Amino acid sequence: MTGPTTRGEAPVADRLRSGAFYNVTRAVLSNRKATVGLGLLLVFVVLSLFPGLVARDSPTADTFTPSLGPSLSHLLGTTSYGQDVFAQLVYGTRESLVIAIVAGLLATALAVFMGVTSAFVGGTVDHALSMVIDTFLVLPAFPLIIVIAAYTKHASNGVLIAVLVVTGWSYGARTLRAQALSLRNRDFIIAARVRRERTWRLITFEVLPNMTSLILASFLGAALFSVLAAAGLQFIGLGNPDAQSWGTMLYWAQNSEALQAGMPLWAIMPGLCLALLGASFALLNYAFDEIGNPALRPVRMRRGR
Amino acid sequence: MKYFRQRLGFFVMTLWACITINFVLPRVMPGNAAIDMMARFKGEISPATYHAMALALGVQTRQNLVSAYVHYVADLFTGHLGVSATFFPRSVVSVVGASLPWTLGLVGITTVLAYVLGTLIGILGAWRRGGKLDSLLPPIFIITSAFPYFFTALLAILLFAIKLHWLPTGFGYSPEAKIAMTWSFAGDVLYHAFLPALTILITATGGWILTMRNNMITTLADDYVTMARAKGLSPRRIMFDYAGRNAILPNLTGFAMSLGFVVSGAVLVEYVFSYPGIGYTLLLAVQNGDYNLMQALFFLITLCVLVAVLVMDLVTVLVDPRTREQG
């Protein structure tokens, strides 16, 4: 930057401070929506890593008295199959979270690849890829997922993730393409081209770091979509019925008419967890929108107080 | 009209993609309707019976792919969609025809309502930025828009149907009611549609509020809005005719694009409420391995979304002069 500094640790700090990671972390901590979203997400991550710390009972044990109301020994009551609702809820976190994150990551990778390729190659390739992106965008994803899952019968998690990626990447690809298009003619990219940087180097070191917040946003969007779609699929009975997940819990609860039979917590709690996990992704996503577009940041009305 | 031609081209292209998915999926995936039937009869079926059954259910066993494709597309457009295995011996077309009005009524009306409501709240929120409406609604709706449709539906049933006994837990009409064009039947239908409609409204409105608010904030910072203020135009006029009109343009495309999501969510709402529409029928078809019905319904759902997208594109041409000048 401006020559050698006096303090020894300064260069490292400088590098950290200018790094994309540091920017993102600072932005998250200074935004209330993001902090709440991150907090919620952390709770679920801890639950998925150490379910045994929170729940005493095994999620698969079906030896309790069926259809109990909430009590100290069964915090959320038991199911009509004699399982502990709280234990199932805690142990179900892992699968919902893993599906969301894996499918979200893969969908984002595909979105980055398609969006950036489309924008940087341009011409006919861009036309063709845009057409593909838009087509996937308007095809109603969930009915498509249902149809595919119907053919594969009780989809395994691998199949489930593959289907979620195929149906969930297009929205991110569209926004990333738009961003890449606007970056394409900036001075620093043109300068890099003049330096005859290789295209892959140009993309990984000049373009992608400038799209960090948008890439994160499309990951969160894809993860949100995956959580809801996977749970929906399991809820209607197209997932693996023996899986430990919130969607499967809802499936069994709905099958036993838990709401009508006086065990509302059995159906409502997994739904609430899904909603909270979804909300944490949505809050983070919205916060990144605010970070990427300063015009959207909350303003305080000045009334001369 | 270059723009119009482009959009029409996109419509045809996406429709073709949907038809092709429908055609290819059964051929690359294991299993078909006849094999499912076989499994139900535990293999006590002679090859001749299997062949007859495959013919009846429209399973093409041996055929050249190209001619199969041509036949498939021709059948689709002439309405020869085969027999439904779930509602045997009714034809797929009659089953679909019976469920379509329910979905069009419920999902169509609520989607438009959610859009109009969300857009208005978004405009007002951005206009009085940081005000009461703006600091209360957007955060709430960020959270509700992430709720799974079926969770909102379950909550609604628990509260209004089971605890309060105000509204029915499901179905499109009372079992004792006669389907007829009478006022009492119409009232019964509305009574049953209220909860599912509320569910879709709660979940779908949030997205529109957020996008509209963001567009509006960007637009309000533009010079021509400042100019309009300087000229002393009435706030109403600036809000709707100057800023709102321009801010809504990206949102129109957004409406078309995210229609697929709303329709997807509505499938689950119909399932939870056992509402006799397209989505519920689709799930029945899936559970019974009724591939003919399933394909027809997927085609129909996609067609509805694509038509809505096309209509939205045409509306954009009407509202935005810039799209007209290009052509």
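A quick note: this is a predicted structure, and the numbers were derived from the prediction, not measured. Chain A is the first sequence line, chain B the second, and so forth, proteins listed ahead of strands; every chain is numbered from 1.
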Legend entry - L250(A), part contacting chain B, at a heavy-atom distance under 4.5 Å: side chain
Legend entry - Residue L276(A) versus chain B: region with a heavy atom under 4.5 Å: neither
Legend entry - pair P143(A)-T302(B): side-chain heavy atoms closer than 4.5 Å: no
Inset, instruction - Go through the atoms of L224(A) and report whether side chain, backbone, both or neither lie under 4.5 Å from a heavy atom of chain B. - result: side chain
Legend entry - Interchain contact, A17(B) with chain A, by part (heavy-atom threshold 4.5 Å): side chain
Inset, instruction - Measure the spacing between CD1 of I268(A) and CG of L154(B) and express it to the nearest 0.5 Å. - result: 5.5 Å
Legend entry - Distance (rounded to the nearest 0.5 Å) between Q287(B) CD and I236(A) CD1: 7.5 Å
Inset, instruction - Give, as side chain, backbone, both or neither, the part of L306(B) having an atom under 4.5 angstrom from any heavy atom of chain A. - result: side chain
Inset, instruction - Go through Q295(B) and V147(A) one step at a time and tell me if the side chain to side chain contact (heavy atoms under 4.5 Å, CB included) criterion holds. - result: CA-CA 8 Å; Q295(B) 288 193 5; V147(A) 171; 5.8 Å; no
Inset, instruction - Mind ranking A275(A), G278(A), P264(A) by heavy-atom pairs under 4.5 Å with chain B and telling me who comes out on top? - result: A275(A)
Legend entry - Residues which pass side chain to side chain contact (heavy atoms under 4.5 Å, CB included) with S130(A), listed by chain and number, not counting sequence neighbours: S118(A), D126(A), R177(A)
Inset, instruction - Return the set of residues passing side chain to side chain contact (heavy atoms under 4.5 Å, CB included) with V286(B) (not counting sequence neighbours), or none when no residue passes. - result: I146(A), A150(A), L238(A), M294(B)
Inset, instruction - Among L274(A), L277(A), L144(A), single out the residue with the greatest number of heavy-atom pairs under 4.5 Å to chain B. - result: L144(A)
Inset, instruction - Look up atom CZ in F150(B) and atom CD in Q254(A), then write down how far apart they are to the nearest 0.5 Å. - result: 10.0 Å
Legend entry - CA sep, side-chain torsions, deciding dist, call: L228(A), F147(B), side chain to side chain contact (heavy atoms under 4.5 Å, CB included): CA-CA 8 Å; L228(A) 299 186; F147(B) 279 16; over 6 Å; no
Legend entry - Heavy-atom pair with the smallest gap, counting every atom of F10(B) and T135(A): CE1-N, 3.9 Å
Inset, instruction - Sort out for me which of V267(B), I21(B), N22(B), L283(B) touches chain A most, counting heavy-atom pairs under 4.5 Å. - result: L283(B)
